[in-house]
2 protein chains.
Amino acid sequence: MSHPRAGGAPVTMQDVARAAGVSVMTVSNVVNRRPGVRAETRERVLEAVGRLGYGVNLAARSLRQGRTNLIGLAVPEIDVPYFGLLAGLLVRRAAEHGYEVVVEQTGATREEELAALVSSRVRRYDGLVLSAVQLSDADSDLLHGDMPVVVLGERRYDRPVDHVTMANVEGSRDAVAHLIARGCRRVAVLGVSSTGPVDASSQRTQGYREALTAAGLPLDPALERPAAYTLEGGRQAVHRLLDEGVAVDGVFAHTDLLALGAVRGLADRGLRVPDDVRVVGFDDVPWAAHAVPSLTTVDPGHDEMVEATLRLLLGRIAGRRGRDEHERVVARHRLVERESTA
Amino acid sequence: MSHPRAGGAPVTMQDVARAAGVSVMTVSNVVNRRPGVRAETRERVLEAVGRLGYGVNLAARSLRQGRTNLIGLAVPEIDVPYFGLLAGLLVRRAAEHGYEVVVEQTGATREEELAALVSSRVRRYDGLVLSAVQLSDADSDLLHGDMPVVVLGERRYDRPVDHVTMANVEGSRDAVAHLIARGCRRVAVLGVSSTGPVDASSQRTQGYREALTAAGLPLDPALERPAAYTLEGGRQAVHRLLDEGVAVDGVFAHTDLLALGAVRGLADRGLRVPDDVRVVGFDDVPWAAHAVPSLTTVDPGHDEMVEATLRLLLGRIAGRRGRDEHERVVARHRLVERESTA
DNA sequence: CTGAAAGCGCTAACAC
DNA sequence: GTGTTAGCGCTTTCAG
């Protein structure tokens, strides 16, 4: 059996020290690759480690050091492609810095996002990445606890907090300008919400309006459609739009999911993309490139966002910024032209 | 400021006990909702907890209790829809039992899956869910360490290990039988691999062959195509198939991702689904229902699998099964008929 | 119903 | 180079 003591009491440094005839401190030095241990001693210790199947007790180490090497990632739902993409990138990059990522699902409700912040569960993290959608400015007071927090995407805060976000207005403007350049004159926007003036939804709607205005096209309230940020939401919004007899030759959806749902909804009514209606999304999730037709969309700069998030978070964990010094990073976006607007 | 002592030393039970004029033990009893504390005492303690902003130190609790309430989920890549779905379900269900989930990305290499098992990082989990794709029978020896492990999906093991899997052969047989019932006579299979006799790929290929044979149709090696389990893999496999001039009127893809890639590849060559070619996938990822056309696929019984996984894992954590008692659960599958085979 | 003492396994600080 | 001591914050055990 390759795992001695399996099933018995866990092997401690004490056990290893005894077996190797050294002190626990020497074992600790070897295990942590600290310098200043004679090669021969190291050998003896490592032999004992291997023979006994020793592994550090990370709870003890955490208690002693006051750090866990864990960071939390609070997202609404991990199976939404955008958040899966995010989680994947973050897990990979965090690992490079010796951190692991615990996923919290907030379910996209304000209550649950707050819960993630106050909950004792969160206390075990060295830092928290909060991909917030519903958290309001008022609540960001809560971001001032002891826990280093970086808010990622989807919203700009007036309150001071480390924040990594994307160019929602500019990206949306580019997307809609692209539709117009392709000849669209009746462009609908999907995903309009009324929850507040500073969130991603309003910003993307604003970018939409700016692009229309810049092109000298009129704003038509009938073209500004609310929709849940889901495939089904996009599909149904398009159904309603068409059922009301609104003329449309272009669709800008607030998210790729919505856009793909819109393509579906158009197909349901016998409309072809891009022949009858052109469609643009936002996010550049992996699917966008491979959908039929492939989806033109805005890449908000995922890599840059995740990198910046980690940089800010690790900096704060290391105490490199004061409690009242906050940074905000806006990633560079890019319009990715594909078949849905060909 | 709602978070007193923010920035100062962490608040301990000692602090709370002092502030409330009780012993640490009473604080512990209140915090852990243990019975046998007078209501008035509890009030006093809770008031102090709130005022000081106390939160339990989970490292200390873990050290003392010998448990972390953390379970690890090792998957190849979290941004693959199937694993995102899995993670979402597991996170939700684990939370119901007071557990949190740490995501490990193995990158689908054998080395990394082994690393996840041996690594000291894993020591912090009470248990590990291993969604293995490359781990071989020989390696499953490693599953016999102290860590409770449940292997989820994708592979059947001869070695004893708790294992939750899906009806790969039966599901594939149903999928292909469905194509045949719809009139297909030249059915290709995408995702055939040569890595071994007992993995998901071989099983799904086997189901394919059984269905053809049962229908009295010939097996044609030209119809059995290797393909990476990605969108691009499916797309290219279809391109090669058509470029070789192989006649096809149905496609069974080993995964939905492959199937959606296949739909894309067919569209590239001007073929319509289901009019010219019918397509069936496997997994029933959320996208399958909303793709254009929506995808007929095999739901392998995700919910049942996750539920069983957690049941087995928690049972093992609780020591309810001996080291040599292992369970295997095969979830009930279901063919979901949609537009791609209409 | 409440308190005091012991110790989980580790590492920082200092002694040899 | 290596050992000794102390204590991180909590809960288990046993005493009141």
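Just so we're on the same page: letters track the sequence lines, and every chain starts at 1. This structure is a prediction, so every number in the text was calculated from the model and none was measured.
- The CG atom of Asn32(A) sits 10 Å away from the P atom of dC10(C) (whole-angstrom rounding).
- When DNA chain D is scanned in the 5' to 3' direction for atoms under 4.0 Å from non-hydrogen atoms of chain A, the outermost contacting nucleotides are dG1(D) to dG9(D).
- Note: CE (Met13(B)) to C1' (dG3(C)) measures 14 Å, nearest angstrom.
- Rounded to whole Å, atom P of dG9(C) lies 10 Å from atom OH of Tyr54(A).
- Summary of helix geometry: the two end axes of the helix from dC1(C)-dG16(D) to dC16(C)-dG1(D), each defined by five base pairs via their C1' atoms, are inclined to each other by 30° (rounded to 10°).
- The side-chain heavy atoms of Val306(A) and Leu86(A), taken from C-beta on, include a pair separated by under 4.5 Å.
- Nucleic acid contact class of Arg42(A) (heavy atoms, under 4.0 Å, all strands): none.
- Looking at Val149(B) and Asp162(B), their side chains never come closer than 4.5 Å, going by heavy atoms from C-beta outward.
- Between Arg18(B) atom CZ and dT2(C) atom P there is a gap of 20 Å when expressed in whole angstrom units.
- Nearest-nucleotide positions on DNA chain C place Ala59(A) closer to the 5' end than the other of Ala59(A) and Gln65(A).
- Within 4.0 Å (heavy atoms only), Arg34(B) reaches sugar-phosphate atoms of the nucleic acid but no base atom.
- Atom C1' of nucleotide dG7(C) and atom CG of Leu63(B) are separated by 9 Å, given to the nearest angstrom.
- In this structure, Met25(A) atom CE and dG9(C) atom P are separated by 17 Å, rounded to whole Å.
- Within the 4.5 Å cutoff, the side chain of Met166(A) has no heavy atoms near those of the Glu304(A) side chain.
- Residues Leu130(B) and Met147(B) have side chains not in contact (no heavy-atom distance under 4.5 Å, counting atoms from C-beta outward).
- In this structure, the side chains of Arg34(A) and Met25(A) come closer than 4.5 Å at one or more pairs of heavy atoms.
- Residues Val45(B) and Val49(B) form a side-chain contact, since some pair of their non-hydrogen atoms from C-beta on lies under 4.5 Å apart.
- The nearest whole Å value for the distance from the CZ atom in Arg61(B) to the C1' atom in dG9(C) is 18 Å.
- Distances shown here put every side-chain N or O of Arg64(A) at or beyond 4.0 Å from the OP1 or OP2 atom of dA12(C).
- Here the options are Val164(A), Leu90(A), Leu89(A), the test is side chain to side chain contact (heavy atoms under 4.5 Å, CB included), and the partner is Met305(A); only Val164(A) passes.
- A 4.5 Å side-chain heavy-atom check between Leu314(B) and Tyr99(B) finds at least one atom pair inside the cut-off.
- For the OP1/OP2 pair of dT2(C) and a distance below 4.0 Å, the side-chain nitrogens and oxygens of Thr41(B) include at least one atom meeting the criterion.
- One atom, CG of Asn57(B), and another, C1' of dC8(C), lie 13 Å apart when rounded to the nearest Å.
- The distance from the CD atom of Gln65(B) to the CG atom of Asp126(B) is 9.5 Å, given to the nearest 0.5 Å.
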